[in-house]
Protein chains: 2
Amino acid sequence: MSRADLAREIGLTKVTVSAVVAELIDEGIIIDIGPDDRPGVPGKRPTLLTLCEDHRRIVAVDLTREGRLSGAVMTLTGESMDRRRLETLLCLGPEGVDELTNFCQELIAASATPVLGVGVATPGLVSPDNNTVRAPKRGWSDLPLEGILTERLNLPVAVGNDANCAALGEFAFGATEGSYVLSILVGDGVGAGLVVDGSIVPGPKGGAGEVAHVTATVNGDGAPWGTPTTCVCGRSGCLGTLLSEPELREALKGLDEAASEAWLRAVGQRLGAILAPIVAVLDLSDIVLAGPTDLLDGPLLEAAHDSLRERVWPSMNPIPRLAMSAIEDRAPLVGAGVLVLSRTLGIP
Amino acid sequence: MSRADLAREIGLTKVTVSAVVAELIDEGIIIDIGPDDRPGVPGKRPTLLTLCEDHRRIVAVDLTREGRLSGAVMTLTGESMDRRRLETLLCLGPEGVDELTNFCQELIAASATPVLGVGVATPGLVSPDNNTVRAPKRGWSDLPLEGILTERLNLPVAVGNDANCAALGEFAFGATEGSYVLSILVGDGVGAGLVVDGSIVPGPKGGAGEVAHVTATVNGDGAPWGTPTTCVCGRSGCLGTLLSEPELREALKGLDEAASEAWLRAVGQRLGAILAPIVAVLDLSDIVLAGPTDLLDGPLLEAAHDSLRERVWPSMNPIPRLAMSAIEDRAPLVGAGVLVLSRTLGIP
DNA sequence: TCTAATAGTTAGTACACCATACTATCAGTC
DNA sequence: GACTGATAGTATGGTGTACTAACTATTAGA
């Protein structure tokens, strides 16, 4: 891009853009790669600029899976340069924070260039007010993770809910088409994340996207499951008792192909029914499913799509794109990186 | 409020606030009402300030009901000073725009003090890009209403979807408790509007809140209606075929009290089932129902509440407040006024 | 009476952005 | 081949918004 392009894009004047660009060139963040010689419109040839990807790196960590720390050193454009994994059973309570700190420090040390900041995608509730984390499964209640890590690492730290980060990752580097993106993350449980115009919608207390305990069944609705499983919440029919990796694998155990497909279709159909009101209220442009491809990508996804099309009328606006994640299990990780970008550089 | 209070509230320094306040006092928008003599904390007594409500008025018009123009001259704090109504059958196509213009001019002329701007709540889709209106029922397709009115009235004009305006009105002047407000407007049809942190969530193309054609029934779900009515969209079971003033009145015709109540409960139950996924994804703090009180406030509302409580687990966050509108049919009107405030004064 | 807290002012400064005017360069046309 | 009009980028000065620092005035309570 040239300075003039930037000015048009951002809406600032050429003068202002030139001044800012000069500053960024001084700092080494932007590089002047000379005039664009391709003939086209009349006028002086623009001088092209490019982002120096090696100027700063981002460290991102994903805590989605229980017993695993997943991390990466990324460029400013979301490319993972160095991915690491740590299988551990200790990541609970205060010890978990220590372990996380060490893991971050390792990644920071592994970065070839200075680190812009550290992004963390964690399960549980992240309060939008004070950024404390409430994750019962991790033994964290109102843990000021951002503050602790900022102090220990001496770097800007951004903490976000994993499903929200996933949505952000899909929006920024996935195959999404629009600006209203819902991401459904299927792992040990189910979580959803919503991104509108590039910003996470956290909910008033950080509880948005907690869809595991929405009732997905209707009494006697003719699904292959007989009596629905009782959920940890004490009720039955929760989405989480149907749609999660362990639950699905358990349910499909011993079923033949036809029965498996019927089961998956039934789950997909219920997912679609839950998505329908959300699609209508938000006019979503994209819904992205992330999780085990062998389970989700097939009858389940198709049934969800069919169910959605049956239950929402595309009169004013088309049905959203509903597809598997193009960046798969990297979504929360990449999204945590984007969170750092938006916090430190104000993007967007 | 005093200058110091304002500074704390807004986050600017006392100096800056003092400067701005001085300017606003000069312009007559703020009035200095002398020192606060109530003893309390130590220190110099604050000098209290108040908004001069008579400095500017807002003109708001609501086009929700077919065949009716509903308008008001309002103070900056949302109080209606002069409400007017015009029953007309002409409000279609370009003639409708002429009529609307005249109605606005009447209201502007009726205002005792200068008018800050004009807000219009209209059914149909209002594009968030260029603010054109698409309302098939009004014979408007991609009508640049905001531009036309701005030019004709020579005043700032803000046009918004009626349900969205209603949600904004509820948030600003209703009895809502939190910052994530969903408003359900029941009139000739059903519409929903969503406000997050004081801003309307319009959807990527202005289509958010179009819930009339979400399927609300499930095959053989044991409701009092036998075969569900066929909707104008050609399908059956749409929320709009159950929940709208004409449909409800038609359905209750000839039913005894018990049967009426059963019907209303069944509709409320379906409404709750539709709301559940939305509540979970957004962690809504308030849901407000606006429309005919005799139909909505009673078994329908109760059933919706019960159904919602059954289908969402309040583990992390409480179930949202679900109640009838405290400002009733004024919500879209007041919301249109708030839209003017946020556009012209940048609130919030 | 003294101290600590609070409200509000004055003076000077930093920053981001803008408008205007300028130079340099190109495509196309008479 | 000079002229016109469009485009890219720079130089200069101005404006609006906000800040910090230091000050005065006032009050409750030890």
Side-chain angles (χ1 to χ4, degrees), chain A residues 1-52 55-56 76 116-117 156 197-199 340-348, chain B residues 1-52 55-56 76 116-117 156 197-199 340-348:
Chain A
M1 274 184 121
S2 67
R3 281 163 243 252
D5 290 334
L6 281 171
R8 274 186 293 267
E9 186 82 14
I10 310 175
L12 299 179
T13 46
K14 286 187 295 178
V15 183
T16 309
V17 169
S18 281
V20 174
V21 164
E23 210 175 298
L24 294 177
I25 287 180
D26 271 358
E27 288 179 40
I29 299 174
I30 282 182
I31 305 173
D32 189 320
I33 50 173
D36 181 2
D37 282 331
R38 290 169 304 180
V41 287
K44 180 179 167 184
R45 298 299 68 196
T47 54
L48 292 176
L49 306 168
T50 188
L51 202 64
C52 175
H55 187 257
R56 287 287 148 84
L76 297 179
L116 180 67
D197 292 330
S199 295
V340 173
L341 278 178
S342 51
R343 289 278 181 84
T344 55
L345 307 181
I347 303 168
Chain B
M1 273 184 122
S2 68
R3 280 160 244 252
D5 289 334
L6 280 170
R8 274 186 294 265
E9 186 82 13
I10 310 175
L12 300 178
T13 48
K14 286 186 296 175
V15 184
T16 309
V17 170
S18 281
V20 174
V21 163
E23 209 175 298
L24 295 177
I25 286 180
D26 272 358
E27 289 179 39
I29 299 175
I30 283 182
I31 305 173
D32 187 321
I33 51 172
D36 182 2
D37 282 330
R38 290 170 304 181
V41 288
K44 178 180 167 183
R45 300 295 70 195
T47 54
L48 293 175
L49 306 168
T50 189
L51 202 64
C52 175
H55 188 256
R56 287 286 147 85
L76 297 178
L116 180 68
D197 291 332
S199 294
V340 172
L341 278 178
S342 51
R343 289 277 180 83
T344 55
L345 306 181
I347 303 169

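Taking each heavy atom of A:Arg3 and A:Thr47 in turn, the nearest pair found is NH2-OG1, 3.6 Å. Nearest heavy-atom pair across A:Leu116 and A:Thr344 is CD2-OG1, 3.5 Å. A pairwise comparison of heavy atoms in B:Val21 and B:Leu49 identifies CG1-CD1, 3.7 Å as the closest pair. Here the closest heavy-atom approach between residue B:His55 and residue B:Gly28 is recorded as CD2-O, 3.5 Å.
The shortest side-chain heavy-atom distance between B:Leu6 and B:Leu12 does not fall under the 4.5 Å cut-off.
Looking at residues 9-36 of chain B, you'll see B:Lys14, B:Val15, B:Ser18 sit with a heavy atom under 4.0 Å from some atom of DNA chain C.
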task: Step by step, work out the side chain to side chain contact (heavy atoms under 4.5 Å, CB included) result for A:Ser2 and A:Asp5.
output: CA-CA 5 Å; A:Ser2 67; A:Asp5 290 334; 3.1 Å; yes
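Summarising the geometry, the separation between CG on A:Asp5 and P on D:dA8 is reported as 7 Å, rounded to the nearest angstrom.
In this model, the phosphate group of D:dG9 is approached by a side-chain N or O of A:Ser2 to a distance below 4.0 Å at OP1 or OP2.
You can see that DNA chain C meets the heavy atoms of chain B within a 4.0 Å-exclusive cut from C:dA5 to C:dA11, reading 5' to 3'.
Side chain of B:Lys44, nearest nucleotide from D:dA8, D:dT26, D:dT10: D:dT26.
Between B:Ile29 atom CD1 and B:Leu51 atom CG the span is 8.0 Å, to the nearest 0.5 Å.
Counting non-hydrogen atoms of other residues, nucleotides and ligands closer than 6.0 Å to CD of A:Glu23 gives a total of 12 or fewer.
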